[in-house]
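These notes concern the structure reproduced below.
Position 1 is the first residue of the sequence, and the numbers go up from there. Remember, predicted model here, so these are calculated numbers, not experimental data.
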Amino acid sequence: MKTTPTTPPRPFDVTAIFPQLAPLARTATRLFPRPGSPSPQDSSIGGPLLWPADEPWPHCEGPHVVDGINPALPPADVRLERQILAAQRVRSLTDLEQQALVRIRPPRKGPAWPAVAPYEGPIAMLPVAQLYARDVPDLHAPQGVDLLQVLWCPFDHPIMPRTALFWRDAATVTDVLTTPPEPSAMQFDGYLPEPCLLNPEQVTDYPDHLELSEELRAQLGDRNAWRTADADHLDASHLEESFDRTYASGLQELRDSEFASFLPLYYDNELAGAPGWKVGGWPRWGATDPTPRNCPACGHDMDALLTIATFEDNDDSSWLPREESADASTGLARYDPRQPTAVQIASGYDQQLYICPVSPEHPHLELMH
């Protein structure tokens, strides 16, 4: 049995304890990507795009340099390797499959792979996301268009892929490009999204504690503010259990001092911004502190557009969706529920895209969170 993923209710209504957060609420659409076989008419991650046959496919001019530590593989080899490794979970590999794995990643001689020179010339970009406005409530498309297509170059520029955004009216695309070009190599396997269908769900986001006023941050760190909350609003057992998972100390005086620093993190992880792939909402910070998001063309505050996430969230998070993710015949998960798209940004961060609300023609902004 398979059910549509849905977000469990938050442990409690944080605005009942901190009403100052209510005006800061934003909606976000969690995308819940799951491996599938999308068509150009579907909203998807890593799926085929509704791309006009007579429109040039986007290429990145570079530079494209491999690091000599990771092999730069073509998309076809990465797809084949994933297919073979998935089969290995349930059966023994054939001789041909074992030979294919050795061909794709031959034993390395010495500390580095041999190919470390720059790739000359432009490289075809890869589809990352296709989002129809009909499916994603928080995709506020410009007037006259109803489809967003996101592509990226599978090389770091300088620390994450360079993205390209295309807005279009889907009804005007009558002849679809069926075999788009692909790059000859990718810097990292995690820059090839696994084709996924989406299960969009709208949720409410609140800002990270680092984006709040000093006064409100101080209140979030005040244990008495949480203790005096109405019991109908605060599930104290969930708060204590989450603290115990984070801090193993049994010394009461140490627990009390740690609790003050734990509370803002608990708010961030359990009550503020939803994790995973999403459209709109508030960003979750971690790799860096919050930074101004101003349009490079006009200086206007930019809006969060798309979060490209490495992970949907931690295994013990209350954000994990309610769904059936195991194969009834084997009892094994058909995919990694924390990383269904196989995308990985750096060592496990998110890439956030921002757009200017004044004009979609202005350059977008990319940040790593």
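Using a 4.0 Å cut-off between charged side-chain N and carboxylate O, Arg91 and Glu97 make a salt bridge. By the 4.0 Å N-to-carboxylate-O rule, Asp156 lies too far from Arg162 to be salt-bridged with it. In this structure, Arg284 does not pair ionically with Glu270, as no charged nitrogen and carboxylate oxygen lie closer than 4.0 Å. Ion pairing between a basic and an acidic side chain is recognised when a charged N comes within 4.0 Å of a carboxylate O; Arg105 and Glu81 show such pairing. Salt-bridge annotation for Lys278 and Asp205: present, with a side-chain N of the basic residue lying under 4.0 Å from a carboxylate O of the acidic one.
Taking the side chain as every heavy atom from C-beta outward, Leu165 and Leu148 approach each other to under 4.5 Å. Looking only at side-chain heavy atoms (C-beta outward), Pro340 and Glu194 stay at 4.5 Å or farther from each other. Side-chain contact between Leu177 and Trp57 is present, with heavy atoms from C-beta onward closer than 4.5 Å. For the pair Asn294 and Asp301, the minimum side-chain heavy-atom distance is below 4.5 Å. The closest side-chain heavy-atom distance from Glu312 to Pro337 is not below 4.5 Å. Inter-residue side-chain proximity for Thr7 and Phe32 is flagged as met; some heavy-atom pair is nearer than 4.5 Å. Here the side chains of Leu139 and Thr29 are not in contact, with every heavy-atom distance at 4.5 Å or above. Counting only heavy atoms from C-beta outward, the side chains of His64 and His157 approach each other to under 4.5 Å.
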Next on the checklist: Is there a side-chain contact (heavy atoms from CB on, under 4.5 Å) between Met186 and Val78? Walk through the geometry before answering.
Outcome noted: CA-CA 9 Å; Met186 306 179 301; Val78 174; 3.5 Å; yes
Next on the checklist: Run the side-chain hydrogen bond (donor to acceptor under 3.5 Å, both in side chains) test on His209 and Asp268 for me, step by step, so that the C-alpha distance in whole Å, both residues' side-chain angles and the decisive distance to 0.1 Å come before the verdict.
Outcome noted: CA-CA 6 Å; His209 84 278; Asp268 287 343; 2.6 Å; yes
Checklist entry - Going through the distances and angles, do Thr163 and Glu366 end up as a side-chain hydrogen bond (donor to acceptor under 3.5 Å, both in side chains)? => result CA-CA 8 Å; Thr163 56; Glu366 303 166 341; 2.3 Å; yes
Checklist entry - Would Asp138 and Thr27 satisfy side-chain hydrogen bond (donor to acceptor under 3.5 Å, both in side chains), going step by step from the backbone distance to the final call? => result CA-CA 7 Å; Asp138 288 287; Thr27 57; 2.5 Å; yes
Next on the checklist: Before you tell me yes or no, could you show the steps for Thr6 and Asn199 under side-chain contact (heavy atoms from CB on, under 4.5 Å), namely the whole-Å CA-CA distance, both residues' side-chain angles and the distance that decides it to 0.1 Å?
Outcome noted: CA-CA 9 Å; Thr6 56; Asn199 302 271; over 6 Å; no
Next on the checklist: Walk me through whether Tyr354 and Asp303 qualify under side-chain contact (heavy atoms from CB on, under 4.5 Å).
Outcome noted: CA-CA 5 Å; Tyr354 296 86; Asp303 292 339; over 6 Å; no
Item to check | Worked verdict on Leu126 versus Leu151 for side-chain contact (heavy atoms from CB on, under 4.5 Å) | outcome: CA-CA 5 Å; Leu126 286 170; Leu151 300 92; over 6 Å; no
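With hydrogens and angles disregarded, no donor-acceptor distance shorter than 3.5 Å links the side chain of Trp277 to the backbone of Leu306. Panel note: side chain Asn269, backbone Leu265; a donor-acceptor pair is recorded below 3.5 Å. The backbone N or O of Pro137 lies less than 3.5 Å from no partner atom in the side chain of Gln202, so there is not a single donor-acceptor pair. Formation of a donor-acceptor pair under 3.5 Å by the Ser317 side chain with backbone atoms of Trp319 is found in this model. When atom types are taken as modelled, the side chain of Arg168 and the backbone of Pro52 share no donor-acceptor pair closer than 3.5 angstrom. Under a 3.5 Å cut-off, the side chain of Arg217 and the backbone N or O of Leu212 do form a donor-acceptor pair. The closest donor-acceptor contact from the side chain of Gln351 to the backbone of Pro161 lies under 3.5 Å. Not one N or O on the side chain of Arg30 forms a donor-acceptor pair closer than 3.5 Å with the backbone of Glu201. Of the possible polar contacts, one joining the Gln339 side chain to the Val343 backbone as a donor-acceptor pair under 3.5 Å is found.
Here CZ of Phe155 is found 12.0 Å from CE of Met125. Values are rounded to the nearest 0.5 Å. Within the model, atoms CE of Met160 and CD of Gln352 stand 10.5 Å from one another, a figure rounded to the nearest 0.5 Å. Here the OG1-CG distance, from Thr341 to Asp336, works out to 9.5 Å after rounding to the nearest 0.5 Å. Rounded to the nearest 0.5 angstrom, Ile355 CD1 and Met302 CE are separated by 7.5 Å. The distance from the CD atom of Gln41 to the CD atom of Gln130 is 8.0 Å, given to the nearest 0.5 Å. Between Gln344 atom CD and Leu192 atom CG the span is 13.5 Å, to the nearest 0.5 Å.
When the side-chain contact (heavy atoms from CB on, under 4.5 Å) test is applied to Ala25, the partners found at least two apart in sequence or on another chain are Thr204, Tyr206. For Phe18, the side-chain contact (heavy atoms from CB on, under 4.5 Å) partners at least two apart in sequence or on another chain are Val14, Gln20, Leu21, Leu216, Gln219, Leu220, Ala225, Trp226. Shown here are the side-chain contact (heavy atoms from CB on, under 4.5 Å) partners of Ala346, two or more places apart in sequence or in another chain: Tyr349, Met368.
Donor-acceptor pairing under 3.5 Å is recorded for the side chains of Trp285 and Glu211. A donor-acceptor contact closer than 3.5 angstrom is absent between the side chains of Ser44 and Asp42. The closest side-chain donor-acceptor pair between Thr172 and Asp169, if any, does not fall under 3.5 angstrom.
Under the 4.5 Å side-chain contact rule for hydrophobic residues, Trp282 and Leu210 do not share a cluster. Note: the hydrophobic cluster containing Ile45 does not contain Phe166 (ILVMFWY, side chain heavy atoms under 4.5 Å, direct or indirect links). The hydrophobic cluster containing Trp167 also contains Val150, counting ILVMFWY residues as joined when their side-chain heavy atoms lie under 4.5 angstrom apart, directly or transitively. Note on Leu197 and Ile308: separate hydrophobic clusters, where clusters join Ile, Leu, Val, Met, Phe, Trp and Tyr whose side-chain heavy atoms are under 4.5 Å apart, directly or indirectly. By the criterion of side-chain heavy atoms lying less than 4.5 angstrom apart, applied directly or through intervening Ile, Leu, Val, Met, Phe, Trp or Tyr residues, Val203 is not grouped with Leu31; the two fall into different hydrophobic clusters.
For Leu49 against Gln149, the heavy-atom pair with the smallest separation is CB-NE2, 3.7 Å. Between Ala170 and Leu147, the closest heavy-atom pair is CB-CD2, 4.3 Å. Nearest approach of Pro127 to Pro193, heavy atoms of both residues: O-CG, 3.7 Å. Scanning all heavy atoms of the two residues, the minimum distance from Pro38 to Gly47 falls at CG-CA, 3.8 Å. Contact record, His59 with Pro181: CE1-CG, 4.0 Å, taken as the closest heavy-atom pair. Across Leu80 and Arg103, no two heavy atoms sit closer than the pair CD2-NH2, 3.9 Å.
Using a 30° and 60° split on the angle between ring planes, Tyr191 and Phe188 fall in the perpendicular class, above 60°.
Atom CD of Gln98 has more than 12 heavy atoms from other residues, nucleotides or ligands within 6.0 Å.
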